[in-house]
Amino acid sequence: MSAHVEIKQLTSIEQLNELVKIEKAVWQMPTIPVHQTFTAMNNGGVILGSYTSGKMVGFLYSFAGFNKEKPYLCSHMLGILPPYRKSGLGIEMKKKQAKIAKKMGYEMITWTFDPLESKNAYINLHKLGACGAHYKENHYGDLNDQLNQGLPTDRIQIEWDLITTTRKRTHVLDPEKLLLVMEEESPVYRTHCTDDLQKSDVWFVEIPNDFQSLKREQIELAKKWRFESRNVFQALFAAGFIAIDFISEQSNKSYYVFSMGV
């Protein structure tokens, strides 16, 4: 990340009004009301802004949650202006969020992401070391924003344990993968493998490297990927597996690693 970018916790309505401008630029859809983000900020939420030369270039919005057992931080939205997206800023913002959340007493941060977005999967599972714990079918319903238009909003729910850290395993790719990217980026779902998922404690799922380009250029193929991958992910989660890692190879191959445990 560029050394001149500063990440700081937001504390005022004026800063939240500046956040709205970034939100509009990133999603091009109606923004979260400032009175809502302000209320979250003052009731256990953590909202961060990234600045360069005094100008906000990114934000991270999260609020307090509770699951009948313990509180957690729900990380709802991260937006970064295009020129700063490949700088590692998003990872640094998540690390800053975790540091603040842990100091506030939170033991877990949770959020959702599109399971076919390989860059996000790599950051969430590999770089940050979080786990994909649940699958949410069409979680947000139909969205008409720039990133989600035209497809069901399926999501994987991330759980990032702030207390327990584990060492990543070395994964050897198994030829019996549950989903493969074949010629012309078409998905091949190996249905016979899901008949007995318990025969292995590790499974691999391949996805396209650039799903956004696929959506722009071949929307019907993108839809096929959504539904074929949904079948695989739902089968794995239903059988008790969780996503523990993501492999991004130099040969432009991208794989989820699912396991019964971390």
Side-chain angles (χ1 to χ4, degrees), residues 90-91 94 110-139 151-161 164-215 218 220-262:
I91 295 175
K94 295 298 294 185
T110 184
W111 65 92
T112 62
F113 76 101
D114 187 327
L116 292 176
E117 294 289 352
S118 61
K119 292 182 177 65
N120 291 345
Y122 185 73
I123 290 172
N124 294 336
L125 303 177
H126 188 78
K127 288 288 190 179
L128 297 177
C131 292
H134 307 283
Y135 193 84
K136 308 287 187 177
E137 182 178 326
N138 201 23
H139 185 51
L151 287 177
T153 53
D154 288 27
R155 296 290 185 266
I156 283 180
Q157 182 176 332
I158 288 291
E159 293 184 354
W160 193 13
D161 190 334
T164 304
T165 57
T166 58
R167 184 181 300 275
K168 285 293 178 185
R169 303 174 183 175
T170 299
H171 306 291
V172 178
L173 282 171
D174 191 314
E176 282 294 313
K177 306 173 189 72
L178 293 182
L179 189 65
L180 290 172
V181 179
M182 300 302 285
E183 292 182 4
E184 298 181 351
E185 295 196 80
S186 180
V188 172
Y189 172 26
R190 294 186 167 182
T191 55
H192 67 280
C193 293
T194 56
D195 292 339
D196 185 15
L197 289 173
Q198 305 304 322
K199 68 182 181 182
S200 175
D201 61 356
V202 178
W203 290 100
F204 299 90
V205 176
E206 187 178 4
I207 64 169
N209 278 312
D210 190 350
F211 190 58
Q212 285 297 322
S213 293
L214 193 66
K215 285 170 60 177
Q218 301 183 69
E220 292 305 316
L221 181 56
K223 289 178 181 178
K224 186 175 181 180
W225 265 105
R226 173 66 82 218
F227 297 124
E228 291 287 358
S229 64
R230 175 191 289 175
N231 290 333
V232 175
F233 288 129
Q234 287 182 329
L236 284 164
F237 283 112
F241 287 84
I242 59 174
I244 64 166
D245 202 356
F246 192 84
I247 301 170
S248 183
E249 294 186 326
Q250 292 182 350
S251 59
N252 291 325
K253 297 288 186 179
S254 299
Y255 302 91
Y256 279 91
V257 182
F258 278 83
S259 175
M260 275 292 188
V262 296

Q: Verify the distance criterion only: is there a donor paired with an acceptor across the side chains of N138 and T153 at less than 3.5 Å?
A: yes
Q | Non-hydrogen atoms of A222 and K215 that approach each other most closely | A | CB-CG, 3.8 Å
Q | Point-to-point distance, once rounded to the nearest 0.5 Å, from NZ of K223 to CD of E228 | A | 15.0 Å
**Q.** Nearest non-hydrogen partners of R155 and T112, listed with the distance
**A.** CB-CB, 3.8 Å
Q: Any chance you could measure L236, atom CG, to N231, atom CG, to the nearest 0.5 Å?
A: 11.0 Å
Q. Backbone N or O of F227 within a donor-acceptor pair of the Y189 side chain at under 3.5 Å?
A. no
(Q) Rounded at 0.5 Å granularity, tell me how far CD1 in I156 sits from CG in N120. (A) 11.0 Å
Q: Taking all heavy atoms of N124 and all of W111, pick out the closest pair and write down the distance.
A: OD1-NE1, 3.3 Å
Q: Compare every heavy atom of F211 with every heavy atom of D114, then report the nearest pair and how far apart it is.
A: OD2-CE2, 4.3 Å
Q.
Looking at every heavy atom in both L125 and G132, which two are closest together, and how far apart are they?
A. CD2-N, 3.6 Å
Q. So do the side chains of L179 and R190 get within less than 4.5 Å of each other, counting heavy atoms only?
A. no
Q. Backbone N or O of D210 within a donor-acceptor pair of the S213 side chain at under 3.5 Å?
A. no
Q. Using a distance-only test with no angle check, is there a side-chain donor-acceptor pair under 3.5 angstrom linking Q218 and E185?
A. no
(Q) I need the minimum non-hydrogen distance between S254 and F246, along with the two atoms involved. (A) CB-CZ, 3.5 Å
Q: Calculate, to the nearest 0.5 Å, the distance between atoms NZ and CD belonging to K119 and Q212 respectively.
A: 9.5 Å
Q. Would you find a donor on one side and an acceptor on the other, under 3.5 Å apart, between the side chain of W203 and the backbone of S259?
A. no
Q: Anything under 30° is parallel, anything over 60° is perpendicular, the rest tilted; go ahead and classify F237 against F233.
A: tilted
**Q.** Euclidean distance, F258 CZ relative to F204 CZ, rounded to 0.5 Å
**A.** 11.5 Å
Q: Answer yes or no: is there a side-chain heavy-atom contact under 4.5 Å between S186 and K224?
A: yes
Q | Partner set under side-chain contact (heavy atoms from CB on, under 4.5 Å) for I123, not counting sequence neighbours | A | I91, L128
(Q) Tell me whether S229 contacts the main-chain N or O of W225 through its side chain, where contact means a donor paired with an acceptor under 3.5 Å. (A) yes
Q. Listed by chain and number, what are the ring pair (Phe, Tyr, Trp, His ring centres under 6.0 Å) partners of F113, not counting sequence neighbours?
A. none
Q | Spacing of I247 atom CD1 and S118 atom OG [to the nearest 0.5 Å] | A | 13.5 Å
Q. Without hydrogens or angle criteria, can the side chains of D154 and Y135 be said to hold a donor-acceptor pair below 3.5 Å?
A. yes
Q: Using atom types as modelled and distance alone, determine if a side-chain donor or acceptor of E206 lies under 3.5 Å from a backbone N or O of Y255.
A: no
Q | Non-hydrogen side-chain atoms of P187 and M182 separated by less than 4.5 Å | A | no
Q) So, T110 and Q157: side-chain donor and acceptor under 3.5 Å apart, yes or no? A) yes
Q | Sub-4.5 Å side-chain heavy-atom contact between P115 and K136 | A | no
